[in-house]
Amino acid sequence: MPDKVAPAEKQVLKTAKTINSDNKAVKLKKELGLLDGVAIIVGIIVGAGIFVSPKGVLENSGSVGQALIVWIFSGVLSLIGALCYAELGTMIPKSGGDYAYISDAFGPLPAFLYLWVALFILVPTGNAITALTFAQYILQPVWHGCIPPYAAVRLLAAVITCLLTAINCYNVKWATRVQDIFTGTKIFALLIIMVTGFWWLCMGHTENFRHPMDGTNTQPGYIALAVYSGLFSYSGWNYLNFVTEELKDPYKNLPKAICISLPLVTIIYVLANIAYFVVLTQDEILASNAVAVTFSDKLLGVMSWIMPVFVACSTFGALNGAIFASSRLFFVGARNGHLPAAIALINVQNLTPTPSLIFLCIITLALLIIEDVYVLIYYVSFVEALFTTLSVSGLLWLRYKSPNRIRPIK
């Protein structure tokens, strides 16, 4: 007669088996600290936007004064959104960002729709814009004074997208090390712009600020387009929420990283734009396809070649961070059954979501053929703002639906 096992003992054995199986399961490691979190947010935000969007913001604002107001407003709006995401991220400590929050608040159908829109529009389009900006700037010194060939820009953008995908597939630490290094590089590039711009201002060149509100567009449509361009430059502040499961002590490090990063980026952006407007006239900015290069040509002389290199490094880091974070979104979606199960697989040796990374790379490569970058910026900004609003609405709904849920940050 086999020994009878008491119900309590059965429960203990069942729990022990579950813990044992969880320990043996292949998981993504918690390898990201506070510095890595700040580097990811700053590294993704400070990418193509600050070097591309100044033209779009000024074009739709109509004046220097309103353009600066748009930059400040976009930063404040992004900070408010980021603080909402800090509450969501600590209340729902899951990777996937908006996907996890929309699913928790409104159910699987809206989350499913968001995931597929992000898969084919939001994430790969943003990555394609960043890759194209990298190629445009790195090739600018070679074709000095003219626009680099269409095919050369697209080919280089495709090569760099594949290279960064390979790095992210190989090792998480390599990807975060690349992120840390290039975040420092892009901050240094913007410091060069700010210091030289304010040096020019101290020499008495104030003519571009004598009538800052002249030509202001007051039509709501133009103001909306200006804000969309500004918000595009701040996009990426929610990407750390995509990798919450890989963040050490997310209850502390997630809100800290957000509260450090957003004010820092807003200050840098406003000062960089003031430097642009001090040195360049409105006509020069509107005629330029690479504002930072035009700025360096006018002010840095024989050292003007350094700016395209720094800008390329900036966009390189931004693309790396976006690939790293957004691949986790599709990994989580596939794990929940909303994408093919193969995308939820993990490389056993490297512990990276390799299928998700490769799938994202393929879609990004397909979008590189689109020629007009500004159409992509407006389109992506509108769709992204729509789903960000849905996530914040989920925050308010959960306050009503689950008032007693633990909220480390409120």
Side-chain angles (χ1 to χ4, degrees), residues 37-61 66-86 88-89 97-98 118 122-123 125-127 129-130 133 179 183 186-187 189-190 193-194 223-242 254-255 257-276 291-292 311 314-315 317-319 321-322 325-326 373-374 376-392:
V38 173
I40 287 173
I41 296 176
V42 175
I44 294 175
I45 294 176
V46 184
I50 187 59
F51 306 109
V52 174
S53 294
K55 177 181 176 180
V57 173
L58 181 61
E59 185 176 29
N60 291 293
S61 297
Q66 181 156 299
L68 289 175
I69 292 171
V70 167
W71 282 104
I72 295 170
F73 174 76
S74 299
V76 171
L77 194 61
S78 298
L79 177 59
I80 293 171
L83 291 174
C84 292
Y85 274 63
L88 285 165
D98 298 80
L122 290 180
V123 173
T125 303
N127 291 355
I129 293 169
T130 306
T133 305
Q179 193 64 26
T183 296
K186 67 184 67 181
I187 297 299
L190 287 169
I193 291 174
M194 288 185 283
I223 294 174
L225 289 175
V227 172
Y228 280 144
S229 288
L231 289 175
F232 171 77
S233 297
Y234 286 96
S235 63
W237 49 262
N238 59 335
Y239 271 51
L240 188 60
N241 294 64
F242 290 164
L254 178 63
I258 288 172
C259 292
I260 292 171
S261 303
L262 264 297
L264 177 64
V265 171
T266 303
I267 293 169
I268 290 173
Y269 274 13
V270 173
L271 293 177
N273 275 278
I274 291 173
Y276 285 144
V291 178
V311 174
S314 171
T315 51
L319 182 59
S326 56
V373 172
Y374 290 99
L376 290 177
I377 289 175
Y378 298 145
Y379 189 44
V380 170
S381 297
F382 174 75
V383 178
E384 187 171 34
L386 183 65
F387 281 105
T388 300
T389 304
L390 185 61
S391 295
V392 175

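When reading the values below, keep in mind they use all heavy atoms of this one structure, side chains included, and skip hydrogens, waters and symmetry mates.
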Check the pair L68 / N273 against side-chain contact (heavy atoms from CB on, under 4.5 Å), numbers first and verdict last.
CA-CA 7 Å; L68 289 175; N273 275 278; 3.9 Å; yes
How close do [X] and [Y] get, counting heavy atoms only, and between which atoms?
| X | Y | answer |
| --- | --- | --- |
| A257 | G37 | CB-C, 4.0 Å |
| D98 | F387 | OD2-O, 4.0 Å |
| S391 | L88 | O-CD1, 3.8 Å |
| P263 | L79 | CD-CD1, 4.2 Å |
| A272 | M194 | N-CG, 3.8 Å |
| V70 | S61 | CG2-OG, 3.8 Å |

Apply side-chain contact (heavy atoms from CB on, under 4.5 Å) to the pair W71 and T266, showing each step before the final yes or no.
CA-CA 8 Å; W71 282 104; T266 303; over 6 Å; no
Derivation of the side-chain contact (heavy atoms from CB on, under 4.5 Å) call for C259 and L83
CA-CA 8 Å; C259 292; L83 291 174; 3.8 Å; yes
Student check: side-chain heavy atoms of L225 and E59 closer than 4.5 Å
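L225 does not reach E59 side chain to side chain.
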Side-chain heavy-atom pair L77, Y234 within 4.5 angstrom cut-off
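Sidechains of Y234 and L77: no contact.
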Who are the side-chain contact (heavy atoms from CB on, under 4.5 Å) partners of A82, not counting sequence neighbours?
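Only W237, I258, L262 meet the side-chain contact (heavy atoms from CB on, under 4.5 Å) criterion with A82.
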Give me the one residue out of V123, L122, I129, N127 that meets side chain to side chain contact (heavy atoms under 4.5 Å, CB included) with T125.
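Going through the options one by one, the only one that passes is I129.
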Counting N and O atoms only, with roles assigned by atom type, does the side chain of Y269 sit under 3.5 Å from a partner on the main chain of S233, one being a donor and the other an acceptor?
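The answer is yes, because a donor-acceptor pair under 3.5 Å joins these two groups.
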